[in-house]
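I have placed the structure first, in the form of structure tokens, so that the comments after it can refer back to it.
In this chain, residues are counted from 1 in sequence order.
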Amino acid sequence: MNKYFLSEDQLAIQDNIRQFCAQEIAPIASAIDQTAEFPHHIFRQLGELGYMGASSAVEHGGSGLDLVSICLVLEEISKASGAIGSSYNAHIGLASTVISEFGSDHQKQKYLPDLTSGRKIGAFGLTEPGGGSNAGAPGTRAVFKDDCWHVTGSKAFNTNGSVADTFVITAKTDNGVSAFILERGMPGFEIGPPDKKMGVHASPTSTLFFQDVKVSAANLVGEEGTGFRKFARTLDKGRVNVAALSVGLAQAGYEAALAYSKERTQFGKPIAAFQGIHFQLAEMATDIEAARLMTLNVARMYDAGLPIKLEASMAKYFAAEASLRVCDKAIEILGGYGYLRDFPVERYYRDAKMYQIGEGTSQIQRIIIAREILGKAYVSFN
């Protein structure tokens with residue numbers, strides 16, 4: 001039943017990525033969570049299938065998928081592994097998207113073929129050690145002298161930081177916030193060790209340090225001072241991506257709890273026969289359905305060329321919170337087993353918590369939603 005009215009192409013993409021995730025990602029999800037090992041081979045395989053260039057144009061080696069299709073891919077990958085979903089999204093939804101949508105022809109030709117093929121991994125630097133919500137006032141500075149940009153500062157919580165080759169970052173310049181493309185190995189560019197996190201262990205995050213890094217003028221993305229506007233548009237779309245990732249984890253938690261409720265017996269019958277379990281499963285299924293519908297709706301709005309700032313924040317906020325509720329209930333249904341690493345639901349919950357924080361916390365989403373409803377005169381960030 002095609003209840004989400006997907007096209008034939010979208011259904012084919014969904015079926016293809018679902019099979020890949022079941023065969024290649026799901027079997028290693030627990031192991032890479034325990035070892036925190038980045039699964040390079042999975043990303044090379046995703047590149048071979050064309051998914052590493054999902055958000056990039058065909059002429060630059062990408063697949064040029066619409067956002068609905070990208071959401072279907074993200075949901076399936078996250079359902080199999082929240083960590084792989086997180087790193088995949090940072091690559092296609094942030095780093096590659098900025099270059100694909102706002103980069104010069106030279107930048108696209110130089111960087112996108114390696115990114116879309118999976119030969120290289122991309123990362124996106126916005127958040128700083130002092131805070132990430134005030135993205136319009138970065139502490140990282142870029143000064144133009146001697147025919148190049150000199151970048152000094154740092155970026156925190158950089159997804160893919162320790163494994164990426166191509167980095168898109170923001171820095172304050174004389175005329176505002178600007179975006180730059182940096183490469184691993186540039187003199188003065190240092191990458192800190194992977195952070196030790198609560199969840200998404202196989203998706204490494206690191207702090208990036210810039211000490212007078214010399215960046216070619218050709219690596220400025222667009223015009224000076226337009227970086228924040230570019231990132232803001234990218235983040236609107238990125239919030240839809242995170243909503244899809246959240247739906248995937250919620251679906252994984254729900255399916256695990258549903259199956260367990262039919263197998264676990266108490267007082268002579270499966271616990272699925274008890275009303276207390278009925279209500280929890282009903283609430284979980286409803287949360288997932290609502291989150292998925294909101295996500296697909298805003299993706300369709302984006303594909304139609306409509307503004308999505310309000311709806312993207314709503315979808316991200318609701319889906320992230322719903323995912324946490326669903327995964328929490330999944331642990332409750334499994335009881336003591338739900339708290340053990342022998343079962344996957346505790347991993348789903350830990351991974352879901354990251355999606356509540358990344359791409360703008362739930363608190364920030366509430367502010368954005370309120371400001372879109374009431375106007376800037378009534379709601380500000382300070």
Side-chain angles (χ1 to χ4, degrees), residues 13-49 51-52 54 70-94 118 121-123 159-164 194-205 238 241-257 259 288 291-292 295 319-320 323-324 326-327 330-331 334 338 340-359:
I13 289 168
Q14 184 184 50
D15 182 64
N16 180 267
I17 192 63
R18 182 174 289 165
Q19 290 185 44
F20 175 80
C21 290
Q23 295 169 5
E24 304 294 338
I25 297 181
I28 67 168
S30 177
I32 62 174
D33 177 67
Q34 294 180 37
T35 63
E37 180 180 355
F38 184 79
H40 289 277
H41 70 286
I42 292 294
F43 287 85
R44 287 193 293 270
Q45 288 175 290
L46 287 169
E48 292 169 359
L49 292 171
Y51 290 116
M52 292 297 277
I70 290 173
C71 285
L72 298 175
V73 172
L74 288 164
E75 179 180 335
E76 293 300 328
I77 292 177
S78 183
K79 178 184 172 184
S81 167
I84 293 177
S86 175
S87 282
Y88 176 73
N89 179 53
H91 176 92
I92 70 152
L94 298 174
I121 300 295
T159 301
N160 296 341
S162 63
V163 296
D195 300 320
K196 295 181 179 179
K197 306 187 300 295
M198 173 182 175
V200 291
H201 293 158
S203 175
T205 61
N241 290 2
V242 174
L245 292 169
S246 298
V247 172
L249 277 175
Q251 185 69 35
Y254 168 72
E255 290 183 8
I288 293 169
R292 183 179 291 120
T295 302
S323 184
L324 278 173
V326 170
C327 293
I331 293 173
L334 268 71
L340 300 181
R341 289 198 173 186
D342 295 339
F343 291 78
V345 291
E346 61 85 31
R347 168 165 53 88
Y348 301 151
Y349 184 88
R350 287 187 285 108
D351 290 353
K353 188 65 180 178
M354 192 281 293
Y355 292 154
Q356 185 196 41
I357 298 169
E359 295 276 359

*Test side chain to side chain contact (heavy atoms under 4.5 Å, CB included) on E346 and L340 and set out the steps.*
CA-CA 7 Å; E346 61 85 31; L340 300 181; over 6 Å; no
Closest approach of [X] to [Y] (non-hydrogen atoms, all atoms of both residues):
{"X": "P204", "Y": "K197", "result": "CA-NZ, 4.2 Å"}
{"X": "A250", "Y": "I288", "result": "O-CD1, 3.5 Å"}
{"X": "L249", "Y": "A352", "result": "CD1-N, 3.5 Å"}
{"X": "V345", "Y": "G253", "result": "CG1-O, 4.5 Å"}
{"X": "L74", "Y": "A244", "result": "CB-CB, 4.1 Å"}

Using a 4.5 Å cut-off on heavy atoms from C-beta on, say whether the side chain of [Y] contacts that of [X].
{"X": "Y51", "Y": "N16", "value": "yes"}
{"X": "I42", "Y": "I28", "value": "yes"}
{"X": "T159", "Y": "S87", "value": "yes"}
{"X": "T295", "Y": "E75", "value": "no"}
{"X": "I92", "Y": "V73", "value": "no"}
{"X": "Q45", "Y": "E24", "value": "yes"}

Where the side chain of [X] meets the backbone of [Y], is there a donor-acceptor pair that is under 3.5 Å apart?
{"X": "T35", "Y": "A31", "result": "yes"}
{"X": "S323", "Y": "A319", "result": "no"}
{"X": "Y355", "Y": "G82", "result": "yes"}
{"X": "D351", "Y": "G199", "result": "no"}

*asked:* Checking N89 against E359 for the side chain to side chain contact (heavy atoms under 4.5 Å, CB included) test, could you report, in this order, the C-alpha distance in whole Å, the side-chain angles of both residues, the deciding distance, and whether it holds?
replied: CA-CA 11 Å; N89 179 53; E359 295 276 359; 4.0 Å; yes
Supply the atom-to-atom distance [X] [atom1] to [Y] [atom2], rounded to the nearest 0.5 angstrom.
{"X": "Y254", "Y": "K79", "atom1": "OH", "atom2": "NZ", "value": "11.0 Å"}
{"X": "S30", "Y": "F343", "atom1": "OG", "atom2": "CZ", "value": "11.5 Å"}
{"X": "I121", "Y": "R44", "atom1": "CD1", "atom2": "CZ", "value": "9.0 Å"}
{"X": "L72", "Y": "I17", "atom1": "CG", "atom2": "CD1", "value": "10.5 Å"}
{"X": "S162", "Y": "D195", "atom1": "OG", "atom2": "CG", "value": "9.0 Å"}
{"X": "Q19", "Y": "E76", "atom1": "CD", "atom2": "CD", "value": "10.5 Å"}

*Yes or no on side chain to side chain contact (heavy atoms under 4.5 Å, CB included) for V326 and Y348, after CA distance, side-chain angles and deciding distance?*
CA-CA 10 Å; V326 170; Y348 301 151; over 6 Å; no
_Geometric class of the F43/Y88 ring pair [parallel <30°, tilted 30-60°, perpendicular >60°]_ = tilted
*Under the side chain to side chain donor-acceptor pair (under 3.5 Å) test, which residues partner D33, sequence neighbours left out?*
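Result, side chain to side chain donor-acceptor pair (under 3.5 Å) vs D33: H201, R350.
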*Considering residues, nucleotides and ligands other than E37, do more than 12 of their heavy atoms fall under 6.0 Å from its CD?*
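Count not over threshold, so no.
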*Not counting sequence neighbours, which residues clear side-chain contact (heavy atoms from CB on, under 4.5 Å) with A83? List them please.*
S81, V200, A202, S203
